[in-house]
> 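Can you keep this structure in mind? I'll have questions shortly.
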Amino acid sequence: MNKLLQASTCLCLTILLSACRSSSDDNGSTPSDPPTFEQIITQNTSVVFPPRQSLTTSETITVRGTSAGVEVSSLKVNDIEATTSDNFATWQATVALAMGENTFSISVSNGEEEVSLDDWILKVTRDTSLPDSFEDVAIDMANNRLLGLDDKFKKPGSGLET
């Protein structure tokens with residue numbers, strides 16, 4: 001009886017291991033396939049600043065970010081070459097802003113392949129009518145933002161006049 005139990009256990013483990021080896025993900029590749037350059041870049045490259053939607057009065061903005069887990073030879077923000085001092089672990093690119101909404105795209109290359117980070121499209125609006133200073137500011141840590149109060153937005157009876 002003991003040998004029958006051992007044989008059954010061995011057969012079950014063999015079937016289970018065979019099923020694991022033959023399984024595949026949504027792309028049809030097996031789990032043992034190494035990740036592609038695009039998969040690594042998409043998962044490990046991010047923009048640190050600015051937020052995806054921003055307002056500024058500035059003529060330029062410095063886009064900063066990180067990239068890890070793969071060798072990067074070039075990173076561009078709207079075709080402006082990013083600079084780095086640590087092989088693109090951190091990077092930055094200063095980009096000119098037109099009046100109104102500016103959309104940025106980011107592309108990363110390893111010298112052989114180039115990947116466009118469509119998930120990281122940034123929209124920065126340049127508006128010179130924004131106030132240069134605020135009467136009061138508050139940090140909203142929960143939403144990762146800074147709120148500013150300018151006296152031109154105060155209206156009697158709004159509760160903002162005090």
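Since the model is a prediction, treat every value here as computed from it, not as a measurement. FYI, side chains are in, hydrogens and waters are out, and symmetry mates aren't considered; it's all heavy atoms of this structure.
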> For Asn110 and Glu71, which heavy atoms make the closest approach, and how far apart are they?
CB-O, 3.4 Å
> How would you list, by chain and number, every residue that makes a side-chain hydrogen bond (donor to acceptor under 3.5 Å, both in side chains) with Thr62, sequence neighbours excluded?
Thr94
> Please report, to 0.1 Å, the donor-acceptor pairs under 3.5 Å made by any side chain of residues 75-83, with sequence neighbours excluded.
{"unit_1": "Asn78", "atom_1": "OD1", "unit_2": "Ser105", "atom_2": "N", "d": "2.7"}
{"unit_1": "Asn78", "atom_1": "ND2", "unit_2": "Thr103", "atom_2": "O", "d": "3.1"}
{"unit_1": "Glu81", "atom_1": "OE2", "unit_2": "Ser74", "atom_2": "OG", "d": "2.7"}
{"unit_1": "Thr83", "atom_1": "OG1", "unit_2": "Gln92", "atom_2": "O", "d": "3.4"}

> Which residues pass the side-chain hydrogen bond (donor to acceptor under 3.5 Å, both in side chains) test with Ser109, not counting sequence neighbours?
none
> I'd like a table of donor-acceptor pairs (distance under 3.5 Å, sequence neighbours excluded) in which one partner is a side-chain atom from residues 63-70, with atom names and distances.
{"unit_1": "Thr66", "atom_1": "OG1", "unit_2": "Ser46", "atom_2": "OG", "d": "3.1"}
{"unit_1": "Ser67", "atom_1": "OG", "unit_2": "Thr45", "atom_2": "OG1", "d": "2.9"}

> Checking Ser58 now: which residues fulfil side-chain hydrogen bond (donor to acceptor under 3.5 Å, both in side chains) with it, not counting sequence neighbours?
none
> From Leu97 CG over to Asn102 CG, what is the distance, rounded to the nearest 0.5 angstrom?
4.5 Å
> Which heavy atom of Phe104 sits nearest to which heavy atom of Val124, and what is that distance?
CE1-CG2, 3.6 Å
> Are any of the side-chain heavy atoms of Trp91 and Val48 separated by less than 4.5 Å?
no
> Once you round to the nearest 0.5 Å, how far does CE of Met99 lie from CG of Asp127?
5.5 Å
> Hey, could you give me the OG/CZ distance between Ser54 and Arg126, rounded to the nearest 0.5 Å?
15.0 Å
